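What you are looking at is a predicted structure, and each value in this text was computed from that prediction instead of being measured.
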Amino acid sequence: MARQYLKTKPNSSGNSSGPPQIDVASIVRGVIDDIRANGDTAVRKYSEKFDQWSPASFRLSREDIDAAIAACPKQTIEDIKEVQKNVRKFAQAQKDSIMDFECEMQPVRRFKGVFLGQKSLPINSVGAYIPGGRYPLLASAHMTILTAKVAGVPNVVGCTPPIRGQVPNATVAAMHLAGADEIYLLGGVQAIAAMACGTETMPRVDFIAGPGNAFVAEAKRQLFGEIGIDLFAGPTEILIVADETADPFTVATDILSQAEHGPDSPAVIITTSERVGRQSIHVIDELLKNLPTAELAGTSWAQYGEAILVDSLDEAWKLADEYASEHVQILTERPREALEKMTAYGALFLGERTCVSYGDKVIGTNHVLPTKKAARYTGGLWVGKFLRTVTYQEVTNDTASGELGRLCGRAARAENFEGHARSGDLRAQKYLNEKYEWIGTYERENV
């Protein structure tokens, strides 16, 4: 079907001039290698270099945490608790949906007595990274630390950077109230590497969750495998599907709410109405004149913003799935239709009453979501990410073990795994009185 681009991204291939590219991967690799070799000494060096921060201890004491909480306005603490109540309830509902089970495979046949089971065990130690920098993302404490604790993780280590040499009091309060067992005022690659590798004063974790800048994301990528991670995260994304019933002012406001995350946040409008599309573009330009974060939001919209006119909602759903955006907001007459028609998104926000900012900050679902089309193969952070699904097996019946032994012998030899086959043969002989030459040879030679 025809697609008309009311606004497109600039062609990036035409101008090769500009500032030199930073080799993020090499810088990150050097920091990780240094911290792996030199521990706390290297951590302190990079904290001084990047954050101008070198306290006697990076770990906050209970007195430090209490002081941070006391420094916050009462309303801030009440709001943190209210939001965390929402996040906790949703995470608990997710956990309750994950069931341990045990089943007998064929209780009335020759394999009677074969029991298989599944258990979900929490990861033993998790590191949670809570970004600072441009914005103190205290909401990330709810999404990472609290969700891990609901999953049952016994030890959660939280790291967040200082902000201009100061303790980010509200972030520390959120981390503590979310249930962090240890809190470190430490940011960037040095925080990720210290948690992943361990140092003299920081315990090594098994898994790291939480968003961050390009350096943090690259550190998680390089350390993946040595530890687990939540997602390979990129810049925040928003895509709005709108029909003729959508309010252009709402479309524009919600596009800019996500474009302000950074200068490279993709913001896309797909609409069946040329009027809505063109008016939304006009309103965005007008709102940018008075938006305090216009420098970031305007750059994102100028460089990564798109508005596309399509013939029908069916075409809109199809195109939206091609984008597989992190946040997909539905501003149509029947927004729940997207639940039936769409398959690739990080999170859906249905109807004008539901904005992406609710998901980012307060509503209770997790805001750590897939970007760069990763929604084609994964969902976002949830309580299940902090659980390991393990299985167990038990055979309690002699006949069943012997029959499985016969089957295993045949199946393994079909793949040339003689050692596997002999484990099966042994059970077939023990429990069905089968005779196997290799067992007889061993017995004759070792009488």
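- Between F232 and F224, the ring planes lie perpendicular to each other; the angle is over 60°, past the 30° to 60° tilted range.
- Using a 4.5 Å heavy-atom threshold, the side chains of P55 and R44 count as touching.
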Derivation of the side chain to side chain contact (heavy atoms under 4.5 Å, CB included) call for L186 and M202: CA-CA 11 Å; L186 185 66; M202 184 178 288; 4.0 Å; yes
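- In this structure a side-chain-to-backbone donor-acceptor pair under 3.5 Å is present from T354 to L350.
- At a threshold of 4.5 Å between non-hydrogen side-chain atoms, the residues F215 and V24 count as touching.
- At least one donor-acceptor pair under 3.5 Å links the side chain of S257 to the backbone N or O of D254.
- What you find for T236 and P266 is that their closest heavy atoms are O-CD, 3.3 Å.
- Of the possible polar contacts, none joining the Y358 side chain to the G364 backbone as a donor-acceptor pair under 3.5 Å is found.
- Checking T199 against D40 by side-chain atom types alone, a donor-acceptor pair falls below 3.5 Å.
- At distances below 3.5 Å, at least one donor-acceptor pair connects side-chain atoms of N366 with backbone N or O atoms of M143.
- Looking only at distances, no side-chain donor or acceptor of D66 sits under 3.5 Å from a matching main-chain atom of E63.
- Atom CD of E295 has 12 or fewer heavy atoms from other residues, nucleotides or ligands within 6.0 Å.
- By the 4.0 Å N-to-carboxylate-O rule, K341 lies too far from D321 to be salt-bridged with it.
- Summarising the geometry of A242 relative to A246, their closest heavy-atom pair is CB-CB, 3.7 Å, with the distance given to 0.1 Å.
- At least one side-chain heavy atom of I330 sits less than 4.5 Å from a side-chain heavy atom of W317.
- Electrostatic pairing of K289 and E286 counts as a salt bridge here, judged by a charged N lying under 4.0 Å from a carboxylate O.
- For the salt bridge (Lys or Arg N to Asp or Glu O under 4.0 Å) criterion with D230, the lone passing option out of K385, R221, K220 is K220.
- Here the straight-line distance linking atom CD1 of I270 with atom CG of L6 works out to 11.5 Å at 0.5 Å rounding.
- E306 CD to I269 CD1: the interatomic distance, rounded to the nearest 0.5 Å, is 10.5 Å.
- Under 3.5 Å, the side chains of S47 and Q190 contain no donor-acceptor pair of N or O atoms.
- Atom CE of M342 is surrounded by more than 12 heavy atoms from other residues, nucleotides or ligands within 6.0 Å.
- Under the 4.0 Å criterion applied to side-chain N and carboxylate O atoms, D51 and K49 are not assigned as salt-bridge partners.
- For the residue pair P335 and G351, the shortest heavy atom distance occurs at CB-N, 3.6 Å.
- Side chains of D360 and S357: a donor-acceptor N/O pair is absent below 3.5 angstrom, by distance only.
- A 6.0 Å sphere centred on CD of E200 holds more than 12 heavy atoms belonging to other residues, nucleotides or ligands.
- Proximity of a side-chain donor or acceptor of Q393 to a complementary backbone N or O of L116 within less than 3.5 Å is not detected.
- Contact annotation: the side chain of K45 never approaches that of T41 to less than 4.5 Å [non-hydrogen atoms, C-beta and beyond].
- Between the side chains of Q92 and D96, at least one donor-acceptor pair of N or O atoms lies under 3.5 Å.
- Counting heavy atoms from C-beta outward, L239 and V328 have side chains that approach closer than 4.5 Å.
- For R334, the CZ atom sits in a loose shell: 12 or fewer heavy atoms of surrounding residues, nucleotides or ligands are nearer than 6.0 Å.
- Using a cut-off of 4.0 Å between Lys/Arg side-chain N and Asp/Glu carboxylate O, E82 and K85 are scored as salt-bridged.
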Please test N155 against E182 for side chain to side chain contact (heavy atoms under 4.5 Å, CB included), starting from the C-alpha separation and ending with a verdict. CA-CA 8 Å; N155 184 55; E182 302 174 35; 3.8 Å; yes
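- The distance from the SG atom of C159 to the CZ atom of R59 is 11.0 Å, given to the nearest 0.5 Å.
- Atom CZ of R36 and atom SG of C197 lie 4.0 Å apart (nearest 0.5 Å).
- Across all non-hydrogen atoms, the minimal contact from P10 to A302 is CD-O, 3.3 Å.
- Contact of the I363 side chain with the N86 side chain is not registered, since no non-hydrogen atoms from C-beta on lie closer than 4.5 Å.
- Rounding to the nearest 0.5 angstrom, the gap separating the CE atom in M195 from the CD1 atom in I208 is 4.5 Å.
- Few gaps surround NZ on K373; more than 12 heavy atoms of other groups in view lie less than 6.0 Å from it.
- The shortest non-hydrogen separation linking Q118 to M99 is NE2-O, 3.7 Å.
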Check against side chain to side chain contact (heavy atoms under 4.5 Å, CB included), R204 and S125: CA-CA 8 Å; R204 181 185 181 278; S125 183; over 6 Å; no
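- Between I192 and A219, the shortest heavy-atom contact is CG2-CB, 3.8 Å.
- K149 has its side chain within reach of D181: a pair of non-hydrogen atoms, C-beta onward, lies under 4.5 Å apart.
- Considering only heavy atoms from C-beta on, R275 comes within 4.5 Å of P248 through its side chain.
- Remark: the backbone N or O of E333 is paired with a side-chain donor or acceptor of D243 at under 3.5 angstrom.
- Judged by distance alone, the side chain of S300 and the main-chain N or O of D264 form a donor-acceptor pair under 3.5 Å.
- Using modelled atom types, one side-chain atom of E237 and one backbone atom of E326 make a donor-acceptor pair closer than 3.5 Å.
- No side-chain donor-acceptor contact under 3.5 Å links R376 to the backbone of E322.
- A distance of 11.0 Å separates CG in L309 from OH in Y5, rounded to the nearest 0.5 Å.
- T272 pairs with exactly one of V310, D311, T332 by the side chain to side chain contact (heavy atoms under 4.5 Å, CB included) rule, that one being V310.
- E394 and Y392 share no donor-acceptor pair across their side chains, judged by distance under 3.5 Å alone.
- In the displayed structure, K318 atom NZ is contacted under 6.0 Å by at most 12 heavy atoms of other residues, nucleotides or ligands.
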For F111 and V395, what are the C-alpha separation, side-chain angles and deciding distance, and is it a side chain to side chain contact (heavy atoms under 4.5 Å, CB included)? CA-CA 9 Å; F111 292 121; V395 182; over 6 Å; no
